[in-house]
Amino acid sequence: MASLYKAVSGTKRRRDDDQADKNVSSGPKNRQRVLMLSSRGVTYRQRHLINDLAIMLPHAKKDSKFDTKSKLFMLNELADLYNCNNILFFEARKRQDLYLYLAKAPNGPTAKFHIQNLHTMSELNFTGNCLRGSRPILSFDKTFDGSPHYRLVKELMFHIFGVPRTARKAKPFVDHVIMFSIVDNKVWFRNYQISEAIDTAGSEGSTAVEAESAKTSSSSKKKQLTLSLVEIGPRFVMTLISIVEGSFSGPLIYENKEFVSPNFVRAQYKMGKAALKNKRADKIEMKKVQKVVKAKERKEKGPDPLTDSLLFA
């Protein structure tokens with residue numbers, strides 16, 4: 001009898017699974033695949049950030065470092081080789097600046113960002129945690145819908161960070177939220193765990209007799225599921241620089257006029273320090289010149305007639 005029940009229930013379960021697969025296959029399929037790679041010269045923190053993002057994106061293919069920085073259009077051939085239609089390229093400059101390219105291969109568009117204030121999972125040590133390979137919920141700030149270029153950036157991020165249901169390494173769980181918000185004309189990236197907790201209603205503010213009666217009677221227990229967000233990491237801030245029409249090429253369709261290059265900031269800082277140093281050097285030189293002029297004037301005037309050597313000679 002038990003074997004007959006298992007056989008019947010197994011066939012029913014298989015039918016339900018087949019029906020669910022048919023429902024999934026009948027709808028539009030999300031076939032997004034992401035090629036993730038970096039240029040040479042990345043630091044250890046930047047490398048750890050790339051590894052954290054690769055763990056978060058099970059539909060991404062992580063490749064070795066890209067040698068050249070001038071012929072970025074060759075990334076389209078590399079994406080075609082790996083059967084990817086999205087590119088996530090990290091470009092390191094001077095071992096301190098990190099730039100991010102979000103591109104749709106092979107026709108574009110491409111958005112370029114400057115990454116600042118990056119912190120990896122290993123250095124944050126947050127208590128949040130999520131299943132490796134689980135699918136995230138993407139949360140976008142309402143500011144993304146306020147301008148055309150941010151709407152385009154939102155669509156790019158949705159294609160790249162949205163894990164498809166049919167991804168090979170994806171797990172059928174949704175246990176974390178990736179949040180994109182715009183503050184001070186910058187895109188802030190955060191990753192949170194969806195934490196579930198069960199609270200018993202009516203446990204606070206009751207007398208001892210009521211609490212004892214609530215324990216004895218099972219019908220009086222009302223459990224309520226509460227959800228909270230616990231940060232996992234990583235976290236970083238992106239500044240939009242430009243958007244081009246093609247994939248790493250083509251005409252410029254948007255440029256951030258308020259963006260200041262970090263090279264210019266460092267140059268201004270060095271020029272300020274050099275100006276202070278030159279001012280101190282000029283002050284020291286002026287003191288030396290004044291000392292020489294005073295000594296020459298004393299020599300031209302001759303000895304003071306009121307000195308002791310002349311008065312009591």
Side-chain angles (χ1 to χ4, degrees), residues 27-28 30-36 49 52-53 56-57 59-60 72 85-91 97-119 124 128 130 135-165 174-194 227-262 264-265:
N30 187 1
R31 299 183 182 276
Q32 304 296 331
R33 285 176 58 87
V34 182
L35 175 64
M36 182 182 298
L49 174 65
D52 292 343
L53 292 178
M56 292 170 52
L57 304 177
H59 65 302
L72 296 181
N85 52 3
N86 299 284
I87 300 176
L88 198 64
F89 179 64
F90 295 87
E91 181 183 2
D97 300 329
L98 184 64
Y99 294 88
L100 173 63
Y101 292 85
L102 303 180
K104 291 288 294 182
N107 299 322
T110 304
K112 182 181 179 182
F113 295 89
H114 177 229
I115 296 182
Q116 297 172 299
N117 302 331
L118 61 94
H119 301 281
L124 289 175
C130 65
R135 301 174 62 223
I137 297 175
L138 300 182
S139 174
F140 291 93
D141 189 8
K142 63 179 181 180
T143 315
F144 279 95
D145 298 328
S147 55
H149 59 279
Y150 276 129
R151 284 200 297 268
L152 181 58
V153 169
K154 176 183 177 180
E155 191 68 20
L156 280 173
M157 291 180 174
F158 180 77
H159 287 183
I160 292 177
F161 291 96
V163 179
R165 184 193 300 269
V174 178
D175 59 354
H176 65 286
V177 179
I178 297 178
M179 186 186 71
F180 299 95
S181 57
I182 298 177
V183 181
D184 297 334
N185 204 18
K186 300 177 187 295
V187 181
W188 296 61
F189 178 93
R190 295 291 185 270
N191 184 24
Y192 296 96
Q193 173 199 357
I194 302 175
L227 300 178
S228 61
L229 296 179
V230 182
E231 188 169 359
I232 305 172
R235 54 162 61 174
F236 53 89
V237 180
M238 299 182 293
T239 305
L240 181 61
I241 301 175
S242 62
I243 302 176
V244 294
E245 185 176 355
S247 179
F248 299 99
S249 61
L252 186 69
I253 60 178
Y254 173 76
E255 183 180 5
N256 187 5
K257 300 294 185 180
E258 298 179 357
F259 174 73
V260 181
S261 173
F264 181 76
V265 174

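Here Tyr192 pairs with nothing under the side-chain hydrogen bond (donor to acceptor under 3.5 Å, both in side chains) rule; sequence neighbours left out.
Within 6.0 Å of CZ in Arg31 there are 12 or fewer heavy atoms belonging to other residues, nucleotides or ligands.
Annotation: cation-pi pair Lys154/Phe180 absent, no NZ/CZ under 6.0 Å from the ring centroid and within 45° of its normal.
Note: Tyr101 and Phe248 meet the aromatic proximity criterion, with ring centroids under 6.0 Å apart.
Minimum interatomic distance between Leu152 and Pro109 (heavy atoms only, all atoms of both residues): CD1-CG, 3.8 Å.
Between the CG atom of Asn191 and the CE atom of Met179 there is a distance of 10.0 Å, given to the nearest 0.5 Å. For the atom pair CG (Leu240) and NE2 (His114), the distance works out to 13.0 Å, reported to the nearest 0.5 Å. Here CG of Leu57 is found 7.0 Å from CG of Leu88. Values are rounded to the nearest 0.5 Å. A distance of 12.5 Å separates CG in Asp141 from CH2 in Trp188, rounded to the nearest 0.5 Å.
Using a 4.5 Å heavy-atom cutoff, the side chains of His149 and Glu255 are not in contact. Between Arg190 and Ser181 there is no side-chain heavy-atom pair separated by less than 4.5 Å.
Among Ile87, Asn86, Thr110, Ile160, the one residue that satisfies the side chain to side chain contact (heavy atoms under 4.5 Å, CB included) test with Lys104 is Asn86.
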